[in-house]
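Lettering follows sequence order; numbering is per chain, from 1. Heavy atoms only: backbone and side chains are in, while hydrogens, waters and symmetry mates are out.
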Protein chains: 2
Amino acid sequence: MPAEDGAPTMAPESVSELIERIDAIAPTLPKRLGQSAEFLRHNIHLVAVSTVADLAAGAGVQPSAFMRFCQVLGFSGFSQMQALFRAEYRELRPDYAERLSQLRQSGAEGPGRLAASFAEAGHKSLVSLMNDLDAARLATAARLLASAGTVHLVGLRRAFAIVSYMGYLLDKMKVPAVIHRTSGQIESDHAIRKGDALFAVSFTPFSEETLELAARTRRRKVPVVALSDTVDGPLAATADVLLVAREVDVGAFRVPTAALTLATSLAVAIGQSREKTD
Amino acid sequence: MPAEDGAPTMAPESVSELIERIDAIAPTLPKRLGQSAEFLRHNIHLVAVSTVADLAAGAGVQPSAFMRFCQVLGFSGFSQMQALFRAEYRELRPDYAERLSQLRQSGAEGPGRLAASFAEAGHKSLVSLMNDLDAARLATAARLLASAGTVHLVGLRRAFAIVSYMGYLLDKMKVPAVIHRTSGQIESDHAIRKGDALFAVSFTPFSEETLELAARTRRRKVPVVALSDTVDGPLAATADVLLVAREVDVGAFRVPTAALTLATSLAVAIGQSREKTD
DNA sequence: ACGAATTTGGAAGATTTATTCCATTTTTGT
DNA sequence: ACAAAAATGGAATAAATCTTCCAAATTCGT
């Protein structure tokens, strides 16, 4: 029997698409289906490993109601929806405990294990980045930098990799950007003009040079956006906007995965924002 | 009906206990059960979201054989084993996936969503890095570079962030290291002496300068280790050891998460290896 | 307040999936 | 090389899970 309305509402093809649809239709749903939507929205990770009966019980509805809910979302039934979650899980869910011991027993001792540890730390860093991320603040930072004439970048020691990648991206997107303190130049202040903005990156222990350049720039009423690994550092007072990315360490070392991810997002956001204005 | 032997081999109560048992009995298992063990050991995270038929097919055995394998492990059957994985999955709160898709769809258009996408891409990149990692090759690379007098680093454009971070790490660990092509210097070859080694990073599209420096260095019989995003590129022929890190793109952009993780592992391995020798 | 349309609960039925059984093949010990 | 023991494949059976159906309850429009 064909659907009555012209558009047969195709099934979502990814979890995020599914969530969008839930949020779109939730307000219009009758009581039991609304309960199902509410429960699913907050326990979406259970779908891959539960039965309809379990989920229906969780939502406080009959299995048949939950079933109808799946169909309202565009699926043929619960099984089709579950398949979506299982597929995504298979792709995106490694087992690091397993992978680690696997590498341990596979002869090649040192570096492989190190890589596994750093990869695991990277996952954790990205998780905490997303948990702590203040989207509004990031948007403010992007706006500030996008409206600058030239974006000035500064970051030394471990922060240098971050600004150098940002510099590469901004250049690729034709955004005027300069990386400071790279060529024996001691005093960069004169290059930073009214109407520009500074992006300063510094992690504990902070480098004096970066802090001072940021402070002097701020005093000249040029906007300063900062990226650090703590909210308590000296940059908190100096910067107009302070972004934070914490990394999970492996012994005495770390990979700046979260910081690089955040910086890249910022750079791309700046580029896109400029593109519109041009 | 009680078991015939005195010790009824109780079922494992956690995934790690289960892995231990698999490793313990695997060597004594007959062919088909051995295949099941081998497959499970490498795909253990699939248990929560698969059927016996799927897993049996993956292992290349009949469902009945896989079934017997579960019983050998101490479970009453497959379902009991699967319940273990599902329980562990439920407890290990991936509220992260929820948070991610929340951000991605929550009106907050620009930077927040971008960050969510880049974070997700980062996870995928790290997963595929670990899946494809050749631990033995990484160990060879580390050995080669650790035994060099000076480690020379080269990488331009997007690869520069990688070498600059490696340079920072090696310096911190007191390993003699130099980053090339950073200060207007056109010809670096003379600085690379016999007994040194070169680490070259280049991604598609490859930069001629990096490739040529690597080729010239190799011709002089100085060891070259390379990091790229493909096995087919020009570095395959040039390098003594080629490491590969693929990244998942977001639109036209990427964060070099996997490459940076691999490079960091390599740097730390070099440092540790040197420490022992000193 | 009344009838029509929608929503709901529960149970029956269809389907998928797990489990057992046993004849046949392979391995083991002598 | 032979018999006994163990392992295997495939099909039959049992269990669970999904899905549909419809009478009863509720909501909605007038």
Separation of atom CZ in B:Arg68 from atom C1' in D:dG10, rounded to whole Å: 11 Å

Residue B:Gln62, side-chain heavy atoms: nucleotide from D:dT20, D:dT8, D:dG10 that is nearest: D:dG10

Options D:dC21, D:dG9, D:dC18, nucleotide nearest the side-chain atoms of A:Val52: D:dC18

Residue mapping more 5' on DNA chain D - nearest nucleotide basis, B:Gly60 or A:Pro63: B:Gly60

Contact nearer the 5' end of DNA chain D, comparing B:Pro30 with A:Ser64: B:Pro30

Interface limits on DNA chain C, where chain A has a heavy atom under 4.0 Å of a nucleotide atom: C:dT7 to C:dG10

Nearest atoms (heavy-atom pairs only) where B:Tyr165 meets A:Ala161: CB-CB, 3.9 Å

Set of ring pair (Phe, Tyr, Trp, His ring centres under 6.0 Å) partners for B:Phe118, sequence neighbours left out: none

With sequence neighbours excluded, residues passing side chain to side chain donor-acceptor pair (under 3.5 Å) with B:Thr204: B:Asp229

Lys/Arg-Asp/Glu bridge criterion (N-O < 4.0 Å) met for B:Glu17, B:Arg21: no

A:Tyr89/B:Tyr89 aromatic ring centres below 6.0 Å: yes

Phosphate OP1/OP2 of D:dC18: any A:Gln80 side-chain N/O under 4.0 Å: no

Atom pair distance, as rounded to whole Å: CZ in A:Phe78 and C1' in D:dT20: 17 Å

Closest to the A:Gln71 side chain, choosing from D:dT20, D:dC18, D:dG10: D:dT20

Intermediate values then yes/no, side-chain hydrogen bond (donor to acceptor under 3.5 Å, both in side chains), A:Asp54 and A:Thr51: CA-CA 5 Å; A:Asp54 292 342; A:Thr51 65; 3.3 Å; yes

Sugar-phosphate only, base, or nothing, as touched by B:Thr51 at under 4.0 Å among non-hydrogen atoms: sugar-phosphate

Nearest-angstrom distance from the residue atom CZ of A:Phe66 to C1' of D:dC18: 13 Å

Distance in angstrom units between A:Phe69 CZ and D:dT19 C1', rounded: 17 Å

